[in-house]
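Being a predicted model, the structure only gives us computed values, none of them experimental.
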Amino acid sequence: MSLSVRFLFVLFIVFVGVSALLWLGIRPAYEEAILDDRRSFIVEYQQQKIRDAETLIHSWAASVQEFENRVFDGPEVSEITFSNIAAVTRELLVVRVVEKESGEFAEFRRSGYRDENPEMNQPTVSRLRTLDATRLSWDVSTERFLIERELNAGGAEFAVLALFDAYDLHQLLLSDNLGVGAEQVLWFPDGAWLSELDNVPERISYESLTRIGFTETNDGRRLLVASPFGLIQGMYTFYVDPERIMGPSRQIFIQGLWVSGAAFLLIGFVAWGLFSQLKKPVDQFISDVEPFADNKFDQPFTPLSLPELSAVSSKMEFIREKLLHYQQINAEKIIKEQQQNELLMYHASDMIANFDSAGAFTFTNVRLKELLEKLAEDQPVLNLDQLMGYRNLSYSVKKEDKTRRRHLEIYRESGELNVILPGEAERFFNLHKVEIRDRDNKLISGQLLLHDISQERKVDRMRTEMINIIMHELRNPLTGIRGVSEMLLNDEVSKEEAEEFYKVMFEGSNQMFDLINRFLKVAKLEADSARIEMEKFSLPDLLKNICQTMKPGLTKENLAFNLEIDENIPESYASRELMGDVIRNLLSNAIKYGPENRTIDISLSLDSSDAQNPMAAIKVTDYGYGISREYQEEIFRKFYRIKDHRQKQGTGLGLPYVREILLKHGGSISVESNEKIGSRFTAKIPLKAKQEPAV
């Protein structure tokens, strides 16, 4: 048996002994200490719950007593008295004052309490110790708590019944917030009990002192902690599963054993490595392996006497002979692999070229050939200098570095290339160049890679343009708010002027809020992050309701709606809220962009051009300013507003929002316009749900 194996065997015996000591010797004492600590914590937690519950019940009883003391001051103040007490005691639901002889009663209810005949005759559970003539009852199933007091006024006997919402008391006493699986039961001297458990443990007798111990229940052995109430006669009992307390500590020991095992295992591996490196035959073995790095397999392995390495040495000799044999027959396979690599590069999506010591291209793939053909004017582009010297090309270096590999220097260069091709837009490329040079810095060969980032740049420009537009739209209201704010800081501003300034600030903030809200709606729809609630509804009813709500805004400019609705249109399955936004935006634009004294035509009809996908067509003809042909597609772009109409307040997000809603539903929107007559917007809404593509 080798020295390393003997060492690992001893290490294993030590690990087993330490694990047994921890598990059998230290763990029981640690768990007992944890249990003692948790007992004290549970008792304190239980006492705190009792104090909180007694405080709550006492406050209820005090509120009833306060009502009793003031209720006979006069009927006109009784309702006010109840309202004042109910405002302070939020659990108070009903107070009923009953004349015992006649049974007549007066009742006071909290606003919003709907039970027309509340149960006011619940059985008595206990009597308050601190307040005489007070009886309590608690219905756990309905979470109602009844307090009854008796009084004598004017020679007549009365009973005051107060009904409280006992949800908070219920949660306080009967819910488990301890985190150790405690089950709560409230026992009363007469045998009654309150609990949320279906299977209540065996009843315990009433005691005046806190009891702690273990008991057997139907669910197994439990730690019992029972404490008496001070205000109400009863025992508040916790049944705690001791395994829930011991479980974490046991888990800690198990994890400790795992960590110890990992530590011993790590020590074993380290020791094994140290023993191996201390042996002289290893040096000989390494010496025999070194030629493999230069693909030299003609030097035989020296036989080793050490058992650990003799088998390895023999196996390596067998491998050496095989490698020597494969080295002689694999030349053709290597050539095929090189051809495969060239084929992969030839059809790669990026532009790739290899060049020689003179910079001439020895290989160009399909994508790069297409670019070079477009660059060629008077003569073809055949080398790196011709490419980089193209007159409509600019190049900036971003990063350079070099590394040494034996007798060679590897130069790497990254940068950005901009090219304007004849008849095309400007193109952008990330350029990566690798050159192999000798010790005298003479070029041996290299590779060039161009990655087209034109689309990314286009997206960046659009994003920058959008941000600039948003900033511009926000700047105007912010400038107004800032200006009037500075004026308001002037003490000489009159009250009337201040009111006008506040109106300006309010309108400016509303304008910013409207802009941001509309932009977020469009962005959510475009990003598919808005959840669309689909439902069946009547488009004719929706259109008529919206027109009715917008009619008051037509009076100022002497406008009118002319409705033509096909009542036979079937129900549409779409988002009623979003379709309402579509209609409101179209009608608002029709009202806004046109002169006074107009009639706006609105029609709703069935579009049967596609029998498999029936649609409803809403057409809004405004007879307004009209839109020239060059702007008719641009108006659906975010923040775009026609210059001639900029005197009208708006955000340029309404029509993009409408278009995005309709696209999400599988519909569409189009515009027909004449600058002399006006515009007609046609929104097509599917009557069936949009079919998602199969995956």
Side-chain angles (χ1 to χ4, degrees), residues 473 476 503 507 510-511 514-515 517-518 522 538-567 569 577-607 615-662 667-685:
E473 293 293 337
N476 292 335
K503 289 180 181 179
E507 291 174 358
N510 278 345
Q511 185 178 350
D514 183 59
L515 172 66
N517 191 40
R518 283 176 176 267
V522 177
S538 170
L539 268 175
D541 291 346
L542 178 62
L543 178 57
K544 287 186 284 187
N545 289 339
I546 293 176
C547 289
Q548 188 65 30
T549 58
M550 297 185 73
K551 277 187 177 181
L554 304 177
T555 307
K556 183 178 179 181
E557 297 184 1
N558 195 22
L559 304 178
F561 285 154
N562 178 31
L563 279 174
E564 294 182 7
I565 297 178
D566 183 358
E567 299 291 347
I569 292 178
E577 178 183 356
L578 293 179
M579 288 306 151
D581 288 347
V582 168
I583 297 172
R584 276 185 286 271
N585 271 283
L586 294 178
L587 296 185
S588 296
N589 285 347
I591 295 171
K592 184 187 302 182
Y593 297 107
E596 299 178 352
N597 304 315
R598 288 179 294 132
T599 297
I600 299 171
D601 289 339
I602 307 167
S603 67
L604 174 61
S605 59
L606 184 64
D607 181 16
M615 294 199 181
I618 298 178
K619 298 182 180 181
V620 179
T621 307
D622 56 20
Y623 301 105
Y625 299 135
I627 305 169
S628 62
R629 185 177 298 275
E630 60 181 308
Y631 299 133
Q632 289 181 13
E633 185 60 31
E634 297 294 328
I635 58 176
F636 295 103
R637 185 160 57 89
K638 289 193 293 293
F639 297 107
Y640 185 84
R641 296 185 62 215
I642 301 173
K643 293 182 179 179
D644 295 342
H645 300 160
R646 285 195 178 270
Q647 68 274 16
K648 295 291 184 179
Q649 185 178 1
T651 62
L653 290 171
L655 287 176
Y657 180 47
V658 167
R659 186 180 196 179
E660 199 62 36
I661 291 173
L662 292 172
S668 64
I669 185 171
S670 60
V671 60
E672 305 170 69
S673 186
N674 185 297
E675 293 182 71
K676 296 181 179 180
I677 299 175
S679 303
R680 173 183 291 164
F681 287 86
T682 302
K684 292 186 178 181
I685 302 172

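From Leu587, atom CG reaches atom NZ of Lys551 across 12.0 Å, with rounding to the nearest 0.5 Å. Atom CD1 of Ile583 and atom CG of Leu586 lie 8.0 Å apart (nearest 0.5 Å). Taking CG of Leu604 as the reference point, atom CG of Leu543 lies at 6.0 Å (rounded to 0.5 Å). Of the inter-residue distances, the one linking Lys619 atom NZ with Ser603 atom OG reads 6.0 Å to the nearest 0.5 angstrom. The CD atom of Gln548 sits 9.5 Å away from atom CG of Leu563, with the distance rounded to the nearest 0.5 Å. Distance CG/Leu539 to CD1/Ile569: 7.0 Å, rounded to 0.5 Å.
In plain terms, the two heavy atoms of Leu542 and Gly580 that are nearest each other are CD2-N, 4.0 Å. The shortest non-hydrogen separation linking Glu675 to Ser628 is OE2-CB, 3.4 Å. In terms of heavy-atom proximity, Ser588 sits nearest to Met550 at OG-CE, 3.5 Å. Ala683 and Leu662 make their closest contact through CB-CD1, 3.9 Å (heavy atoms, listed as atom of the first residue, atom of the second, distance).
In this structure, the side chain of Arg598 engages the main chain of Asp622 through a donor-acceptor pair within 3.5 Å. Put simply, the side chain of Ser673 gets close to the backbone of Ile627: a donor and an acceptor are under 3.5 Å apart.
Checking Asp601, Ile677, Asn562 one by one against Thr621, the side chain to side chain contact (heavy atoms under 4.5 Å, CB included) holds for a single residue, Asp601. Applying side chain to side chain contact (heavy atoms under 4.5 Å, CB included) to Ile669 and the options Lys684, Glu660, Arg659 leaves one that passes, Arg659.
Side-chain contact between Pro540 and Ile565 is present, with at least one heavy-atom pair separated by less than 4.5 Å. By the 4.5 Å heavy-atom criterion applied to side chains, Ser605 and Glu564 are not counted as neighbours. Between Arg584 and Thr549 the shortest side-chain heavy-atom distance does not fall below 4.5 Å. In this structure, Ile600 and Ile591 have side chains that are in contact, with non-hydrogen atoms separated by less than 4.5 Å. You'll find the side chain of Ile685 reaches within 4.5 Å of the side chain of Ile618, heavy atoms only.
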Quiz item: For Leu655 and Phe681, what are the C-alpha separation, side-chain angles and deciding distance, and is it a side-chain contact (heavy atoms from CB on, under 4.5 Å)?
Solution: CA-CA 10 Å; Leu655 287 176; Phe681 287 86; 4.0 Å; yes
Evaluate side-chain contact (heavy atoms from CB on, under 4.5 Å) for Tyr623 paired with Thr599, printing each intermediate quantity in order.
CA-CA 8 Å; Tyr623 301 105; Thr599 297; 5.9 Å; no
As a quick check of understanding, evaluate side-chain contact (heavy atoms from CB on, under 4.5 Å) for Asp581 and Val658, giving each step before the final call. CA-CA 7 Å; Asp581 288 347; Val658 167; over 6 Å; no
Check your understanding: Could you go step by step and tell me if Tyr657 and Asn585 meet the side-chain contact (heavy atoms from CB on, under 4.5 Å) rule?
Key -> CA-CA 9 Å; Tyr657 180 47; Asn585 271 283; 4.0 Å; yes
**Message:** salt bridge (charged side-chain N to carboxylate O under 4.0 Å, His left out) for Lys544 and Glu567? Distances and angles first, verdict last.
**Reply:** CA-CA 11 Å; Lys544 287 186 284 187; Glu567 299 291 347; 3.3 Å; yes
